[in-house]
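These numbers come from a predicted model, not from an experiment. One is the number of the first residue; the rest follow in order along the sequence.
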Amino acid sequence: MMHPALQCAFTQRSALKVISGLNNFDAACVASVVRAAELGGATFVDIAADPELVAMARTLTALPICVSAVEPEKFVRSVAAGADLVEIGNFDSFYRQGRVFSAAEVLDLTIQTRSQLPQIALSVTVPHTLALDEQVQLATDLVQAGADMIQTEGGTSSRPIHPGTLGLIEKAAPTLAAASEISRSVDVPVLCASGLSSVTAPLAIAAGASGIGVGSAVNQLNSEVAMIAAVRSLVEALNSVPVRAH
């Protein structure tokens, strides 16, 4: 069951998810990200699948709360604590540890999660380590297995060689390419994430995404005021895109 606010934002192709981090269990940091998302005008927040973090976030915001993990059993406890939707991913933090996820593993996690939580809205990240045609095939399989939305990624693999705006576009290229290919192949919302900025947010929508997910562009900032400003800048960038039926 999709949260009405999410459904509306996806329909308008203006959804903004602010991500605190799958492995970020620092309550103070997560609280700052959640408050910044609320005050900056984000659509929803994505936090680690931890019941205590969910309970805390629920006291800070009325925004839909997504929880991320790669262990389905963590989702059950987090949903009981008040999470509105679940996300298999985000995988970026695992790549730094040398762990990659195969298409078969992601599909299996999806099937397990859907069997344990048949009614919850389910988002699944497609690993950028797969070839683009394999990403498209996996996305199609995930939707058949019960995924309600697909998330793309790729920021950790891109190596921008230019500064400024050109560098920001280079960094976003892998996730934009995945969003373009996958959005043409599935009939569920595609959330473009990883490596995006206010410069490239409109490009994600133009590529076919229904919204964007942003983590380090917000959660790595050193003050809540800066986080709020970053979220507002992203909201403005998304709102600058003319709304057209996809």
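- Rounded to the nearest 0.5 Å, atoms OG (S123) and CD1 (I88) are 8.5 Å apart.
- Two rings, from H128 and Y95, have their centers less than 6.0 Å apart.
- Remark: Q151 CD to L191 CG distance equals 5.0 Å, nearest 0.5 Å.
- Separation of atoms OG (S216) and CD1 (I19) is listed at 9.0 Å; rounding is to 0.5 Å.
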Could you please spell out the steps behind the side chain to side chain contact (heavy atoms under 4.5 Å, CB included) verdict for I150 and V126? CA-CA 7 Å; I150 297 295; V126 172; 3.6 Å; yes

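- Atom SG of residue C29 and atom CZ of residue F25 lie 12.5 Å apart, to the nearest 0.5 angstrom.
- The side-chain heavy atoms of I47 and V67, taken from C-beta on, include a pair separated by under 4.5 Å.
- Following chains of ILVMFWY side-chain contacts shorter than 4.5 Å, one cannot reach V188 starting from L85, and the two form parts of different hydrophobic clusters.
- One hydrophobic cluster holds both L138 and V86 under the rule that ILVMFWY side chains link at heavy-atom gaps under 4.5 Å.
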Under 3.5 Å, which donor-acceptor pairs link side chains of residues 227-238 to any protein atom two or more places apart or in another chain?
residue, atom, partner, partner atom, Å
R232, NH2, L39, O, 3.4
S233, OG, S198, OG, 3.4

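- Remark: the backbone N or O of F10 is not paired with any side-chain donor or acceptor of S14 at under 3.5 angstrom.
- No side-chain donor from either of S20 and N219 sits under 3.5 Å from a side-chain acceptor of the other.
- Side chain of E170 to backbone of H162: a donor-acceptor contact under 3.5 angstrom is found.
- Within 6.0 Å of CD in Q97 there are more than 12 heavy atoms belonging to other residues, nucleotides or ligands.
- Looking at heavy atoms from C-beta onward, L63 lies out of side-chain contact with T43 at the 4.5 angstrom threshold.
- Counting only heavy atoms from C-beta outward, the side chains of S210 and V190 never approach each other to under 4.5 Å.
- Judged by distance alone, the side chain of T175 and the main-chain N or O of A193 form a donor-acceptor pair under 3.5 Å.
- With values rounded to the nearest 0.5 angstrom, L16 atom CG is found 8.5 Å from F44 atom CZ.
- Looking only at side-chain heavy atoms (C-beta outward), V70 and F101 come within less than 4.5 Å of each other.
- Residues F75 and I65 share a hydrophobic cluster, clusters being chains of Ile/Leu/Val/Met/Phe/Trp/Tyr side chains in contact below 4.5 Å.
- Of all non-hydrogen atoms in A48 and L53, the two that sit nearest each other are CB-CD1, 4.0 Å.
- Put simply, the side chain of S183 gets close to the backbone of A179: a donor and an acceptor are under 3.5 Å apart.
- The cluster map of Ile, Leu, Val, Met, Phe, Trp and Tyr, joined by side-chain heavy atoms under 4.5 Å apart, puts L107 and V186 in the same cluster.
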Between M149 and L122, is a side chain to side chain contact (heavy atoms under 4.5 Å, CB included) present by the stated rule, with each step listed? CA-CA 7 Å; M149 66 193 90; L122 170 61; over 6 Å; no

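- Remark: E105 CD is packed, more than 12 non-hydrogen atoms of other residues, nucleotides or ligands lying under 6.0 Å away.
- Across S93 and N23, no two heavy atoms sit closer than the pair OG-ND2, 2.9 Å.
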What verdict does the side chain to side chain contact (heavy atoms under 4.5 Å, CB included) test give for I212 and K17, after you've listed the backbone C-alpha separation in whole Å, the side-chain angles of each residue and the deciding distance to 0.1 Å? CA-CA 6 Å; I212 67 168; K17 179 173 78 167; over 6 Å; no

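- Proximity of a side-chain donor or acceptor of E87 to a complementary backbone N or O of T125 within less than 3.5 Å is detected.
- Taking every heavy atom of both residues into account, L132 and E181 meet most closely at CD2-CG, 3.7 Å.
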For D92 and S194, what are the C-alpha separation, side-chain angles and deciding distance, and is it a side chain to side chain donor-acceptor pair (under 3.5 Å)? CA-CA 8 Å; D92 282 354; S194 184; 3.1 Å; yes

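- Cluster annotation: V106 is connected to I120 through the hydrophobic network of ILVMFWY side chains, with a link wherever side-chain heavy atoms come within less than 4.5 Å.
- Across S68 and N90, no two heavy atoms sit closer than the pair OG-ND2, 3.5 Å.
- A donor atom on one side chain and an acceptor atom on the other are not found under 3.5 Å apart for T110 and R114.
- Of the charged side-chain nitrogens involved, none lies within less than 4.0 Å of a carboxylate oxygen, so that E38 and R35 do not count as a salt-bridged pair.
- Atoms OG and CG, on S102 and L130 in that order, are 8.0 Å from each other to the nearest 0.5 Å.
- With hydrogens and angles disregarded, no donor-acceptor distance shorter than 3.5 Å links the side chain of D46 to the backbone of V18.
- Remark: the Q137 side chain and the D133 side chain contain no N/O donor-acceptor pair separated by less than 3.5 Å.
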Full working for side chain to side chain contact (heavy atoms under 4.5 Å, CB included) between M56 and V30: CA-CA 9 Å; M56 177 201 67; V30 173; 3.9 Å; yes

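- The two residues L203 and L176 make their nearest non-hydrogen contact at C-CD2, 3.8 Å.
- Between the T61 side chain and the A57 main chain, no donor and acceptor come within less than 3.5 Å of each other.
- When all heavy atoms of P72 and L109 are compared, the closest pair comes out as CD-CD2, 3.8 Å.
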